[in-house]
There are 2 protein chains.
Amino acid sequence: MRPSVQARYEARARIIKAMGHPTRLFIVDELAKGERCVNELTEMVGADMSTVSKHLSVLKNVGVIMDEKRGLQVFYRLRTPCIMKFFGCVESVMKTVAEESMAALNSR
Amino acid sequence: MRPSVQARYEARARIIKAMGHPTRLFIVDELAKGERCVNELTEMVGADMSTVSKHLSVLKNVGVIMDEKRGLQVFYRLRTPCIMKFFGCVESVMKTVAEESMAALNSR
DNA sequence: TGACTATTTGGCAATATATGCAATAATGAA
DNA sequence: TTCATTATTGCATATATTGCCAAATAGTCA
């Protein structure tokens, strides 16, 4: 594969990989409703704040979210609302799989 | 977080995670053009066949692709073409990030 | 300044993932 | 049956990810 093509798939994979964790998906979903500070997200997620902070930095590093410090708090928000289309894509796959499983069960 | 909600995010994350690898993205992209056997994909990817086979099983396990054995060969194809929307989502993010980087450079 | 709050960072152990090689199926051809 | 082809599986190794604790950093207020 040509290096430039390879690089393109790697760039895409980095973004998708960043989304590939339940906690990070939850965070993206939550930020779609509006900005949240780390503390708020930590309470919702129910993990250590350092853990949540690291998840946030993963998403930030690939450009999915951005942060803004105001006073003591750091507020995060989606950098592009388009990222939400991910959920639609994923749901379609899950639906297809579920439907075919049902069909397989019924045809036995 | 409620267990059912948690489970939902985990199910989504499994699918996204399966897509989060450059080789697997390439495979999905290629299968979007039509079915391919393992051998063909292996040549295109340029890795060991066992490696490609394992990537295929990752995608298959989450329901993104399906296989069919015909003679000596195993042909893989997308289970739902909808999976291709992923690329559009990802490109949008990359575009946004690139544009904002440019803007930041120009405003210095 | 010092105390307090919010967040990030460093370090570490546990776990998961990626890859190639070798061995093993499964199929078809001679 | 024996050989060649295609693909998968088992194993070993290297690398990456996750999560928590503790320590460091940054901002606010008395």
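Here the structure is a predicted model, which means the values were calculated and not measured.
Among the nucleotides D/dT8, C/dT8, C/dA6, the one closest to any side-chain atom of A/Gln73 is C/dA6.
Ring planes of A/His55 and A/His21: tilted class, angle from 30 to 60°.
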Between the protein and nucleotides 2-5 of chain D, are there any N/O to N/O pairs under 3.5 Å, and if so, what are the atom names and distances?
none

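Between the P atom of C/dT5 and the CG atom of A/Asn39 lies a distance of 12 Å, rounded to the nearest Å. With rounding to whole Å, B/Arg70 atom CZ is found 13 Å from C/dG28 atom P. Atom CG in A/Leu56 sits roughly 16 Å away from atom C1' in D/dT17 (whole-Å rounding). For A/Met49 and D/dT25, the CE to P distance is 19 Å, given to the nearest whole Å. Atom-to-atom, CZ of B/Arg36 to P of D/dT6 comes out at 17 Å; the value is rounded to the nearest Å. Here D/dT8 presents its P atom at 12 Å from CG of B/Leu59, a figure rounded to the nearest Å.
With hydrogens and angles ignored, the 3.5 Å screen pairs a side-chain donor or acceptor of B/Glu40 with a backbone N or O of B/Cys37. The backbone N or O of B/Leu25 lies less than 3.5 Å from no partner atom in the side chain of B/Asp29, so there is not a single donor-acceptor pair. Here the side chain of B/Ser53 pairs no donor or acceptor atom with the backbone of B/Ser50 at under 3.5 angstrom. At least one donor-acceptor pair closer than 3.5 Å links the side chain of A/Arg24 to the backbone N or O of A/Ala18.
Proximity of B/Tyr76 to the phosphate of D/dT8: a side-chain N or O atom is located under 4.0 Å from OP1 or OP2.
For the pair B/Arg12 and A/Phe87, the NZ or CZ position fails the cation-pi test of under 6.0 Å to the six-membered ring centre and within 45 degrees of the ring normal.
Between A/Glu68 and the choices A/Lys60, A/Arg36, A/Arg77, the salt bridge (Lys or Arg N to Asp or Glu O under 4.0 Å) rule is met once, by A/Arg77.
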| message | For nucleotides 17-22 of chain C, give me one character per nucleotide, 5' to 3': B if any protein heavy atom sits under 4.0 Å from the base, S if the only such contacts are to the sugar-phosphate, - if neither. | response | SSBBB-
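The pair B/Arg8-A/Glu91 counts as a salt bridge, with a side-chain nitrogen and a carboxylate oxygen less than 4.0 angstrom apart.
In this structure, the separation between CD1 on B/Ile15 and CD1 on A/Ile16 is 12.5 Å, given to the nearest 0.5 Å.
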